[in-house]
**Student:** 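First, the structure itself, so that you have it in front of you.
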Amino acid sequence: MSLFRSRLVLRGRTAAVRCAVLLLLLAAIPAFAQDEEYDLDFDIPEVEEESGLEFWGQAELRTIAKFLDEDTTAYKQKYFKKNQENPAYEMLLQIKPEMSWESGDVGAYLRPRLEIGYSQMVGGSSAVLDEPSETFFDTEKYWDGQLLAEEMLVRWSPTPSVAVEGGKKVLKWGKGYAWNPVSFMSRPKEVNDPNRSREGYYLLYGDFISSRDGALSTIALTPVVSMVDENINEGLAGGETTLVGGKLYLLAYDTDFDLMFMAGDKYDTCIGLDLATNLAENFAIHGEVGMRMGYEKTTVSTTGGRTTENMNALSSLLGMRYLTEGDTTYFLEYYHNGEGYSPLEMRRYQHLVEKGYNTYQNTGSGGLLKIANSLSPEYNQSSAGRDYLYFRVSQKEPFDILYLTPTLTTIVNLGDGSFTLNPEVAYLYSSNLEIRPRMTIPIGPSFTEYGEKVNKVNAELRLTFYY
Amino acid sequence: MKKLLVTLLVLLLGVTATAFAMSPQEVLEKVDRNLNPASYESYRKLINIEPDGTKREYTLYTIKKGEDKVASVFLAPSSDKGRATLRLGDNMWLHIPNVGKPVRITSLQSVTGGIFNNADIMRLDFGTEYGAESMAEVDGGMVLQLKAKSDSVAYDKLEMTVDKEHYVPTEIKCIAASGMLIKTLHFKKITEFEGGRVRPAVMETVSPLNPGYKSVMIFAKVRSRDFDDEVFTLNYLPRIESLRK
């Protein structure tokens with residue numbers, strides 16, 4: 001019996017050893033296969049030789065929950081005689097295909113944008129910023145839609161030194177991330193979402209580049225001509241006119257320098273410069289200074305009296321980016337908005353709204369609110385104040401989770417001390433799907449910029465699918 | 001027979017003597033030229049492999065001119081398409097289409113995620129950034145000790161094992177100024193490219209800082225091509241992909 005048992009044990013051990021060997025072999029096969037699996041003739045996205053046509057793009061779905069602060073002046077101003085749901089939900093589907101075509105020295109590029117939105121906000125989605133060519137669902141209460149071309153241009157480039165482009169183009173002047181005081185030919189950024197692409201302007205654009213060895217290694221001249229009339233580039237100038245501008249870029253002593261200007265009738269002449277350089281391998285700085293000459297700034301008193309001042313508005317920006325060994329990025333920008341309102345001017349406007357609202361409640365007269373609403377595009381625009389700080393901390397791939405980047409941003413109005421907190425997480429779930437939950441929380445006492453925002457909290461989930 | 005042995009011995013000594021007749025810097029320069037022409041274009045596939053075997057792949061088109069000019073553009077996947085990087089010496093920029101203008105980046109950052117950083121993706125010749133301090137013979141090759149020429153280089157020291165037959169690296173250890181090993185690059189699959197260039201087609205990267213993770217770079221269509229200097233400028237960067245056409 002004991003012999004049988006010991007044979008059984010021996011057989012069992014032998015079987016265990018065989019199993020272990022087999023498992024080791026099985027484990028080794030994938031390792032070996034992995035070593036051999038690299039395809040040296042991998043697929044390279046081919047250029048279609050005959051048509052020269054390429055097509056790609058993205059679709060983005062945003063769902064937004066807005067928790068409104070009904071005590072703020074901005075809420076009272078917007079919804080004083082409307083029945084606004086709280087919280088209000090929004091959904092925005094945005095489809096942006098991109099097409100490029102190239103044949104020899106000529107090429108073309110098109111990036112249309114189709115947006116379909118659902119919004120419980122009275123007055124429509126807060127996400128509509130650009131000027132659509134076509135709108136849909138105009139009679140629908142909650143739905144809206146729009147179609148526009150963000151960019152649409154043709155290019156002629158006979159040599160790498162020369163390129164001429166004509167059509168609708170987004171010019172990206174300036175080195176700042178959250179603000180660009182020298183971006184004279186672009187639509188303003190939304191500081192809570194600076195990366196969001198905007199619609200370009202129709203223009204004729206040249207690019208002449210010269211490169212050489214030495215301390216001054218690159219010189220590039222970029223002249224721009226643009227027209228404004230009631231159908232083209234409306235809002236860029238005060239009426240029908242032709243605008244002329246340009247940018248001179250220099251790379252000298254490892255520093256980027258740009259000098260730029262824009263001028264024309266019915267347009268405030270603008271001049272500016274920017275620079276950017278690396279002070280160390282993990283520390284970069286950038287700055288911008290821009291002046292808008294003859295800018296007419298309108299302010300209002302608490303009783304509704306308007307004052308218009310003609311001034312040369314000098315705006316500036318100074319920023320830095322610092323990367324630690326642990327892949328934490330600290331990003332800081334200070335912005336002085338020469339066209340902006342001082343805390344006192346902002347308070348006067350907010351008191352006007354408050355007074356107008358109370359008057360309407362007590363007497364039914366909306367006169368003061370009407371005055372306030374006429375100045376709303378200026379006073380309620382993004383970064384309407386005078387001095388701001390933008391601070392962002394992001395951590396790349398914490399806890400070894402690849403493709404994950406949590407970010408915390410705060411934007412502080414230095415004049416009144418109010419601020420907004422924007423926590424955000426970006427996760428590239430797969431090669432073609434990004435998930436980005438984010439929140440915007442404005443914080444501040446009464447009669448301050450962020451203390452008087454419509455939203456108490458804005459929570460958003462953004463899904464971007466790339467194709 | 002004795003004659004044959006003597007001949008073989010002389011030949012062996014000759015080969016060894018040739019290697020050691022070269023200075024460490026000359027060996028490094030030879031390695032650089034064997035890896036890439038002075039000016040070239042190439043395609044690369046980057047594969048990030050996670051501990052559970054999950055992979056993510058990127059395809060890049062890269063051009064280089066002279067000692068200090070490199071530009072790359074992502075061709076795939078579509079989430080990164082058009083994302084372009086430019087390097088002029090120590091200056092590096094990243095251009096993300098649609099959303100912004102080119103911004104200055106650092107060699108330590110990573111435009112893809114994973115173990116590769118920008119310095120790996122936009123690598124200049126080793127001899128441009130490093131000086132060869134010493135050389136020692138090992139079985140089948142030699143080991144070069146390289147020291148960064150400036151603080152702006154991603155790794156302070158490199159320990160490069162060179163294959164004596166083809167004068168290409170087989171392994172590079174990347175070491176921080178503190179002496180810590182940051183990552184090890186393994187070069188594999190010696191392959192003949194266009195123009196008769198024989199070099200490794202695969203570079204695997206592992207890092208003790210990211211145990212279990214591996215990044216692989218596969219090279220294809222490495223060929224000599226000359227470019228105008230103007231191609232390596234911020235203004236041209238958004239158009240870099242048109243060079244393929």
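For clarity, every value in this text was computed on a predicted model and none was experimentally measured. Chain letters run A, B, ... following the sequence lines, proteins first and then strands; every chain starts at 1.
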**Student:** Could you check whether atom NZ of B:Lys69 has more than 12 heavy atoms from other residues, nucleotides or ligands sitting under 6.0 Å from it?
**Tutor:**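 Result for NZ/B:Lys69: enclosed.
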**Student:** So what's closer than 4.5 Å to chain B heavy atoms on A:Ser431: side chain, backbone, both or neither?
**Tutor:** both
**Student:** Just so I understand: if I count every heavy-atom pair under 4.5 Å between each of B:Leu88, B:Leu234, B:Asp90 and chain A, which residue has the most?
**Tutor:** B:Leu234
**Student:** Going by ring pair (Phe, Tyr, Trp, His ring centres under 6.0 Å), name the residues that satisfy it together with A:His286, two or more places apart in sequence or in a different chain.
**Tutor:**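 Ring pair (Phe, Tyr, Trp, His ring centres under 6.0 Å) check on A:His286 returns A:Phe331.
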**Student:** Who pairs with B:Arg225 by salt bridge (Lys or Arg N to Asp or Glu O under 4.0 Å), at least two apart in sequence or on another chain?
**Tutor:** B:Glu41
**Student:** Is it the backbone or the side chain of A:Asp256 that comes under 4.5 Å from a heavy atom of chain B, or both, or neither?
**Tutor:**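 Contact with chain B: backbone and side chain both.
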**Student:** Parallel under 30°, tilted from 30 to 60°, perpendicular over 60°: which one fits the rings of B:Phe126 and B:Tyr130?
**Tutor:** tilted
**Student:** Under a 4.5 Å heavy-atom cutoff, which of A:Asp207, A:Asn432, A:Asn180 has the most pairs with chain B?
**Tutor:**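 It is A:Asp207.
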**Student:** Below 4.5 Å from any heavy atom of chain B, which atoms of A:Thr464 appear? Answer side chain, backbone, both or neither.
**Tutor:**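 It is neither, since no heavy atom gets under 4.5 Å.
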**Student:** Given the options A:Gly107, A:Ala163, A:Gly174, which has more heavy-atom pairs under 4.5 Å with chain B than any of the others?
**Tutor:** A:Gly174
**Student:** Against chain B, label A:Glu434 side chain, backbone, both or neither, depending on which of its atoms sit under 4.5 Å from a heavy atom there.
**Tutor:**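 Neither part, no heavy atoms under 4.5 Å.
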**Student:** Highest number of heavy-atom pairs under 4.5 Å with chain B: which of A:Phe465, A:Phe283, A:Tyr429?
**Tutor:** A:Tyr429
**Student:** Heavy-atom cut-off 4.5 Å, strictly under: side chain, backbone, both or neither for A:Ser157 against chain B?
**Tutor:** side chain
**Student:** Looking at A:Ser100, A:Gly104, A:Ser430, which one has more heavy-atom pairs under 4.5 Å with chain B than the rest?
**Tutor:** A:Ser430
**Student:** Could you tell me whether A:Arg392 sits above the aromatic face of A:Tyr177, with NZ or CZ closer than 6.0 angstrom to the six-membered ring centre and within 45 degrees of the axis?
**Tutor:**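 Geometry flag: set, cation within 6.0 Å and 45°.
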**Student:** Under 4.5 Å from any heavy atom of chain B, what part of A:Asn278 do you find: side chain, backbone, both or neither?
**Tutor:**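 Both parts, heavy atoms under 4.5 Å.
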**Student:** Between the side chains of B:Thr233 and B:Asn235, is a donor N or O closer than 3.5 angstrom to an acceptor N or O?
**Tutor:** no
**Student:** Please identify, among B:Asn91, B:Val103, B:Val231, B:Asp228, the residue contributing the most non-hydrogen atom pairs under 4.5 Å to chain A.
**Tutor:**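 Most pairs with chain A among the choices: B:Asn91.
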**Student:** Would you verify whether the NZ or CZ of B:Lys81 falls within 45 degrees of the ring axis of B:Phe74 while also being under 6.0 Å from that six-membered ring's centre?
**Tutor:**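 No; the conditions do not both hold, so B:Lys81 does not lie above the ring face of B:Phe74.
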**Student:** Heavy-atom pairs under 4.5 Å with chain B - which of A:Ser217, A:Gly200, A:Ser210 has more of them than the others?
**Tutor:** A:Ser210
**Student:** Measure A:Leu251 against the heavy atoms of chain B and call it side chain, backbone, both or neither at under 4.5 Å.
**Tutor:** side chain
**Student:** Any luck finding a side-chain donor-acceptor pair between A:Lys96 and A:Ser197 under 3.5 Å?
**Tutor:**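 Looking only at side-chain atoms, A:Ser197 and A:Lys96 do form a donor-acceptor pair, the distance falling under 3.5 Å.
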**Student:** Measuring heavy-atom distances to chain B, does A:Tyr249 have an atom under 4.5 Å in its side chain, in its backbone, in both, or in neither?
**Tutor:**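 The answer is the side chain of A:Tyr249.
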**Student:** Can you tell me which of A:Lys189, A:Gln58, A:Lys175, A:Arg212 forms the most heavy-atom pairs within a distance under 4.5 Å of chain B?
**Tutor:**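 The candidate making the most pairs under 4.5 Å is A:Lys175.
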**Student:** Under 6.0 Å from the NZ atom of B:Lys173, do we count more than 12 heavy atoms belonging to anything else shown?
**Tutor:**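 Incorrect, the count does not exceed 12.
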**Student:** Is A:Arg321 close enough and on-axis enough to A:Tyr330, meaning under 6.0 Å and within 45°, for cation-pi?
**Tutor:**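 Output no; distance or angle outside limits.
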**Student:** Look at the rings of B:Tyr61 and B:Tyr43 and say which category their plane angle falls in: under 30° parallel, 30 to 60° tilted, over 60° perpendicular.
**Tutor:** tilted
**Student:** Below 4.5 Å from any heavy atom of chain B, which atoms of A:Thr222 appear? Answer side chain, backbone, both or neither.
**Tutor:**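 Contact with chain B: side chain only.
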**Student:** So for A:Tyr109, is it side chain, backbone, both, or neither that comes closer than 4.5 Å to the heavy atoms of chain B?
**Tutor:** side chain
